[in-house]
2 protein chains.
Amino acid sequence: MTRTTEGEQAPDDVLVALGDPIRREILAVLAREGGATSTSLAASLPITRQAVAKHLAVLDRAGLVRAHRAGREVRYEADLQPLRRTTRWMDTLATQWEDRLNAIKDLAEGATGP
Amino acid sequence: MTRTTEGEQAPDDVLVALGDPIRREILAVLAREGGATSTSLAASLPITRQAVAKHLAVLDRAGLVRAHRAGREVRYEADLQPLRRTTRWMDTLATQWEDRLNAIKDLAEGATGP
DNA sequence: CCCATGCGCAACCGATTGGTTGCGCATGGG
DNA sequence: CCCATGCGCAACCAATCGGTTGCGCATGGG
């Protein structure tokens, strides 16, 4: 463990993947439609199929989508599990840090007198 | 509203800021120590003061730190409020998307017979 | 007072990112 | 069967990122 995360390792890939608005839009479409191909996604986005494919690769590395080959199509579906993990990680971290900051503030008040 | 976020706008800057491990480390130090300067941070990190300053600028744009000038030092403190907002945003989004995916799955099961 | 300390700005650098075009290959429907 | 469709790979491009070095300015403690 790294002392700053207390057992939960930071989900870099998910944060990076979610940092791009077009990747969030792709995830949104995948959730709304229940799945899509790079070609169909490119049709409703302002970028080419190849660019979409690269974004899908990023989302795949983050575990946020999974690809299923169906004939000559490759259908992508959203997997929200890493998102849930990241939410919990972030919540835990925020709480730890807040606790620490509150402890410091209490110490400061005690030192200068209430 | 953008239809995908339902009133909560996506905190791009926070996600991007949190996507970098060294920026998380800086936040961790700030929370642990209650504050620090770019110089003191650089002392405990494998990068130069100027590099730290750039990271602090990113964190500042995300609202995750605030700078206070004290004499010739500039002290940075962590502000976890945007982190909390982002956590809630992410949680809401995950729930919406999960609901949508479950609805789709239910429809599929209904169509092919239970 | 004056100099060490701390900061900001700017230029520069290599690597990565986000996008494009172009091409070749597989595959399944008319 | 064969060709339109869908995908993957590769090269290329500009812009951004993360980092460095170098310099100049303010400031406050000995």
Side-chain angles (χ1 to χ4, degrees), chain A residues 2 4 10-30 33-78 82, chain B residues 2 4 10-30 33-78 82:
Chain A
T2 55
T4 63
D12 279 67
D13 293 343
V14 175
L15 291 172
V16 170
L18 251 43
D20 187 302
I22 223 167
R23 252 149 9 214
R24 288 195 300 270
E25 180 61 25
I26 288 178
L27 270 188
V29 172
L30 256 32
E33 317 274 312
T37 68
S38 57
T39 303
S40 74
L41 284 167
S44 61
L45 290 175
I47 57 177
T48 61
R49 172 184 64 87
Q50 286 84 343
V52 171
K54 290 189 186 180
H55 284 300
L56 284 170
V58 174
L59 289 167
D60 188 60
R61 273 190 292 138
L64 288 166
V65 302
R66 269 189 323 260
H68 307 279
R69 174 138 233 144
R72 63 181 160 189
E73 289 191 347
V74 177
R75 186 149 215 89
Y76 287 87
E77 295 177 7
Chain B
T2 55
T4 62
D12 278 66
D13 293 343
V14 175
L15 291 172
V16 170
L18 252 41
D20 186 303
I22 223 167
R23 248 142 23 206
R24 288 195 300 268
E25 180 62 24
I26 288 178
L27 269 188
V29 172
L30 256 31
E33 317 274 312
T37 67
S38 57
T39 304
S40 75
L41 283 166
S44 61
L45 290 175
I47 58 177
T48 61
R49 171 183 64 86
Q50 287 84 342
V52 171
K54 289 188 185 181
H55 284 301
L56 283 170
V58 174
L59 289 168
D60 188 60
R61 273 190 293 136
L64 287 166
V65 303
R66 268 188 324 258
H68 307 278
R69 176 139 232 144
R72 63 181 160 191
E73 288 191 346
V74 175
R75 187 150 215 90
Y76 287 86
E77 295 177 8

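Nucleic acid contact class of B:R23 (heavy atoms, under 4.0 Å, all strands): sugar-phosphate only.
No donor-acceptor pair closer than 3.5 Å links the side chain of B:R49 to the backbone N or O of B:L41. No donor-acceptor pair closer than 3.5 Å links the side chain of B:R75 to the backbone N or O of B:T37.
What separates CD1 of A:I47 from P of C:dT20 is a distance of 6 Å, to the nearest Å. Rounding to whole angstrom units, CZ of residue A:R72 and C1' of D:dG6 are separated by 7 Å. Following rounding to the nearest Å, B:L56 (CG) and C:dC9 (P) show an atom-to-atom distance of 14 Å. Between B:I26 atom CD1 and D:dG19 atom C1' the separation is 13 Å, expressed in whole Å. In this structure, CD of A:E73 is placed 14 Å from C1' of D:dA4, rounded to the nearest angstrom. The distance from atom CG of A:L41 to atom P of C:dG19 is 13 Å, rounded to the nearest whole Å. Distance, B:L59 CG to D:dC17 P: 14 Å, rounded to whole Å.
Remark: A:H55 is not in phosphate contact with C:dT17, judged by side-chain N or O atoms under 4.0 Å from OP1 or OP2. For B:R69, no side-chain nitrogen or oxygen approaches OP1 or OP2 of D:dT27 to under 4.0 Å. Checking the phosphate oxygens (OP1, OP2) of D:dG19, no side-chain nitrogen or oxygen of B:T48 falls inside 4.0 Å.
Searching all strands for a Watson-Crick or G-U wobble partner of D:dG24 with both distances below 3.5 Å returns C:dC7. Pairing for D:dG30 is with C:dC1, a Watson-Crick or G-U wobble pair whose two hydrogen-bonding atom distances lie under 3.5 Å. In this structure D:dC13 sits in a base pair with C:dG18, meeting the Watson-Crick or G-U test at under 3.5 Å.
Comparing A:K54 and B:Y76, the nucleotide of DNA chain C nearest to each residue sits closer to the 5' end for B:Y76.
At a cut-off of 3.5 angstrom, counting only N and O atoms as typed in the model, there is no donor on one side facing an acceptor on the other between the side-chain of B:Q50 and the base of D:dG18. No hydrogens or angles were tested; on distance alone, a donor-acceptor pair under 3.5 Å links the side chain of A:R49 to the base of D:dG8.
For B:V74, taking side-chain heavy atoms from C-beta onward, the closest of the listed nucleotides C:dG19, C:dG8, D:dG18 is C:dG8.
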(message) The test is side chain to side chain contact (heavy atoms under 4.5 Å, CB included); show your working for B:L30 and B:E77 and say whether it passes.
(response) CA-CA 6 Å; B:L30 256 31; B:E77 295 177 8; 5.9 Å; no
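When all heavy atoms of B:V65 and B:L56 are compared, the pair lying nearest together is CG2-O, 3.8 Å.
Salt-bridge annotation for A:D12 and B:R24: present, with a side-chain N of the basic residue lying under 4.0 Å from a carboxylate O of the acidic one.
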